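What you are looking at is a predicted structure, and each value in this text was computed from that prediction instead of being measured.
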Amino acid sequence: MTIKAIQRFLLTYLLLEISMVSAKVPAVIVFGDSTVDAGNNNQISTVLKSDFQPYGHDFFGGQPTGRFSNGRVPTDFISEAFMIKPTIPAYLDPTYTIKDFATGVCFASAGTGYDNATSDVLSVIPLWKELEYYKKYQKDLRSYLGNAKANEVLGEALYLISIGTNDFVENYYVIKRRSSQFSIEEYQNFLAGIAGNFITELYQLGARKISISGLPPMGCLPLERTTNILSGSDCIEEYNDVARIFNVKLQRLIEKLSKKLVRIQLVLSNPYDILLEIIQNPATFGFEDAATACCGTGLFEMSYMCNKITPFTCSDANKYVFWDSFHPTEKTNAIIADHVFRNCLAQFS
């Protein structure tokens with residue numbers, strides 16, 4: 001079965017699920033990092049960009065958009081499944097207007113994290129700034145639709161938050177600044193506190209349907225496996241343990257906030273298990289390689305190191321779980337989106 005056939009099958013399944021739960025979602029609003037960035041980093045001064053080939057190789061028209069993949073990211077598939085639109089535009093992209101944003105918008109920035117110090121590492125948009133952009137968006141939406149209609153859209157919209165990996169693999173384990181200030185458990189609690197405050201502020205601004213993503217098995221990202229070469233380039237289990245424990249803390253946070261915030265529909269969309277299953281059993285999902293990425297050697301290339309003159313880039317990304325050393329291929333993103341919807345987003349009815 002070709003990747004296009006697989007994607008059509010997954011989309012059809014998602015549409016059937018949507019009709020079964022009769023969900024009312026007029027817009028999808030996205031916050032987070034490179035897992036969901038639709039191109040906001042194109043418009044800021046940072047070295048962390050992907051608005052050049054071969055990124056976007058399998059996107060519509062084969063165009064690089066600033067998404068860190070060969071095609072679409074999970075939030076695009078979720079938007080399409082809700083029968084809204086096939087892609088969610090980046091808020092800072094000047095080619096879009098409030099008319100485009102009225103049914104979905106992405107504020108995410110690759111390289112950011114819960115921790116402001118994480119966004120400082122590569123000079124990207126901090127999470128608090130994403131929220132400021134959202135507040136401006138609210139004002140523009142009310143001017144465009146009128147207060148009553150805009151408030152209805154904002155209240156019924158699905159808010160997707162995907163963030164956190166950079167805080168650990170970049171800001172805690174590499175830069176070491178936070179590891180000198182916090183034990184790993186203290187840092188997990190620190191980040192969970194920020195997540196709770198962010199969700200609470202979104203709620204106070206009118207959001208009622210919110211999905212926050214857990215961490216993936218970050219010790220199995222090709223870049224992290226490359227650094228573990230002395231152990232045979234296996235997954236770094238310490239990192240995976242940190243991710244699992246943090247996800248438990250997020251689930252407890254969700255349970256706490258669900259009791260505190262009236263009428264909130266808050267869920268954890270956890271990609272950990274499905275991505276680990278893909279990595280451990282790639283052939284089951286139609287993949288041939290889960291240890292290295294498609295771009296370049298597949299060991300360390302990402303952003304500007306993954307470009308159109310990078311040697312050894314694969315000819316068929318559908319055989320790979322990962323596109324670059326840190327990010328999944330479009331095919332993987334489609335599978336994750338399907339899993340997240342069936343197991344989490346059907347609650348938004």
Side-chain angles (χ1 to χ4, degrees), residues 32-37 47-48 50 55 68-70 73-74 110-115 117-119 121-122 124 162-179 182-185 187-188 191 213-247 250 270-282 285 287-306 310 312-314 317 320-329 332-333 336:
D33 55 24
S34 60
T35 56
V36 292
D37 186 355
V47 297
L48 193 57
S50 60
Y55 286 98
F68 280 76
S69 185
N70 59 305
V73 293
T112 201
Y114 289 111
D115 188 349
T118 302
S119 63
V121 175
L122 292 171
V124 297
S162 180
I163 196 169
T165 301
N166 297 313
D167 291 303
F168 293 101
V169 299
E170 179 183 297
N171 196 32
Y172 191 87
Y173 287 110
V174 175
I175 304 301
K176 300 289 188 181
R177 174 185 174 187
R178 287 309 196 191
S179 61
F182 298 94
S183 68
I184 189 61
E185 182 177 7
Y187 194 53
Q188 290 171 322
L191 298 179
S213 178
L215 297 181
M218 54 193 185
C220 293
L221 301 177
L223 182 62
E224 307 312 321
R225 295 175 76 145
T226 298
T227 66
N228 199 33
I229 192 169
L230 294 179
S231 297
S233 297
D234 291 334
C235 296
I236 301 178
E237 290 307 321
E238 178 187 353
Y239 290 8
N240 285 352
D241 289 341
V242 167
R244 281 193 294 266
I245 293 170
F246 185 70
N247 291 345
L250 285 181
N270 193 347
Y272 187 98
D273 291 337
I274 182 62
L275 185 52
L276 186 63
E277 185 179 353
I278 294 170
I279 291 169
Q280 293 178 337
N281 304 286
F285 296 87
F287 296 105
E288 295 181 8
D289 195 329
T292 59
C294 171
C295 192
T297 63
L299 301 175
F300 60 86
E301 291 89 349
M302 180 177 66
S303 190
Y304 283 112
M305 297 180 73
C306 173
T310 300
F312 311 119
T313 295
C314 76
Y320 289 76
V321 174
F322 292 96
W323 165 248
D324 65 18
S325 65
F326 211 78
H327 304 97
T329 57
T332 306
N333 286 334
I336 291 173

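- With a 4.5 Å cut-off on side-chain heavy atoms, R225 and I279 count as touching.
- We find the CZ-CE distance between F246 and M218 to be 9.0 Å, quoted to the nearest 0.5 Å.
- With a 4.5 Å cut-off on side-chain heavy atoms, S162 and V36 count as touching.
- The line from CD1 of I336 to CG of L275 is 5.0 Å long, rounded to the nearest 0.5 Å.
- Judged as a salt bridge (Lys or Arg N to Asp or Glu O under 4.0 Å), and not counting sequence neighbours, the contacts of R244 are D241.
- Here the side chains of V321 and D289 are not in contact, with every heavy-atom distance at 4.5 Å or above.
- In this structure, L191 and F168 have side chains that are in contact, with non-hydrogen atoms separated by less than 4.5 Å.
- Under the ring pair (Phe, Tyr, Trp, His ring centres under 6.0 Å) criterion, Y173 pairs with Y239, sequence neighbours left out.
- Here D167 pairs with nothing under the salt bridge (Lys or Arg N to Asp or Glu O under 4.0 Å) rule; sequence neighbours left out.
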Criterion side-chain contact (heavy atoms from CB on, under 4.5 Å) on V121 and N171, from CA distance to verdict: CA-CA 8 Å; V121 175; N171 196 32; 4.1 Å; yes
Worked verdict on S34 versus D37 for side-chain hydrogen bond (donor to acceptor under 3.5 Å, both in side chains): CA-CA 5 Å; S34 60; D37 186 355; over 6 Å; no
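- Less than 2.5 Å separates the SG atom of C295 from that of C306.
- Listed by chain and residue number, E277, T284 satisfy the side chain to side chain contact (heavy atoms under 4.5 Å, CB included) test with N281 (two or more places apart in sequence, or in another chain).
- For D234, the side chain to side chain contact (heavy atoms under 4.5 Å, CB included) test picks out N228, with sequence neighbours left out.
- Closest approach of T227 and E224 over heavy atoms only: OG1-O, 2.6 Å.
- Residues meeting the side chain to side chain donor-acceptor pair (under 3.5 Å) test with Y172, sequence neighbours left out: none.
- Surrounding CZ of F312 are at most 12 heavy atoms belonging to other residues, nucleotides or ligands under 6.0 Å away.
- Within the model, atoms CZ of F68 and OG of S50 stand 4.0 Å from one another, a figure rounded to the nearest 0.5 Å.
- Remark: T165 pairs with no residue by the side chain to side chain donor-acceptor pair (under 3.5 Å) rule, at least two apart or across chains.
- Counting heavy atoms from C-beta outward, L221 and F322 have side chains that approach closer than 4.5 Å.
- Counted by atom type alone, Y320 and N70 present zero donor-acceptor pairs between their side chains at under 3.5 Å.
- By the side chain to side chain contact (heavy atoms under 4.5 Å, CB included) test, T226 pairs with L299, sequence neighbours left out.
- Side-chain contact between I163 and Y114 is present, with at least one heavy-atom pair separated by less than 4.5 Å.
- When the ring pair (Phe, Tyr, Trp, His ring centres under 6.0 Å) test is applied to F182, the partners found at least two apart in sequence or on another chain are Y187, F190.
- Note that the NE2 atom of H327 and the SG atom of C294 stand 14.5 Å from one another [nearest 0.5 Å].
- With rounding to the nearest 0.5 angstrom, the OG1 atom of T310 is 8.0 Å from the CE atom of M305.
- Partners of N166 according to the side chain to side chain contact (heavy atoms under 4.5 Å, CB included) rule, which considers only residues two or more places apart in sequence or in another chain, are D33, T118, E170, F326.
- The side chain to side chain donor-acceptor pair (under 3.5 Å) check on N240 picks up nothing, with sequence neighbours excluded.
- Every pair tested for side-chain hydrogen bond (donor to acceptor under 3.5 Å, both in side chains) that includes a residue from residues 213-222 fails, sequence neighbours excluded, so the list is empty.
- Taking SG of C220 as the reference point, atom CG of L223 lies at 13.0 Å (rounded to 0.5 Å).
- Between N333 and S69, the closest side-chain pair of non-hydrogen atoms falls below 4.5 Å.
- Heavy atoms from other residues, nucleotides or ligands lying under 6.0 Å from CD of E185 number 12 at most.
- Nearest approach of G214 to N247, heavy atoms of both residues: CA-OD1, 3.2 Å.
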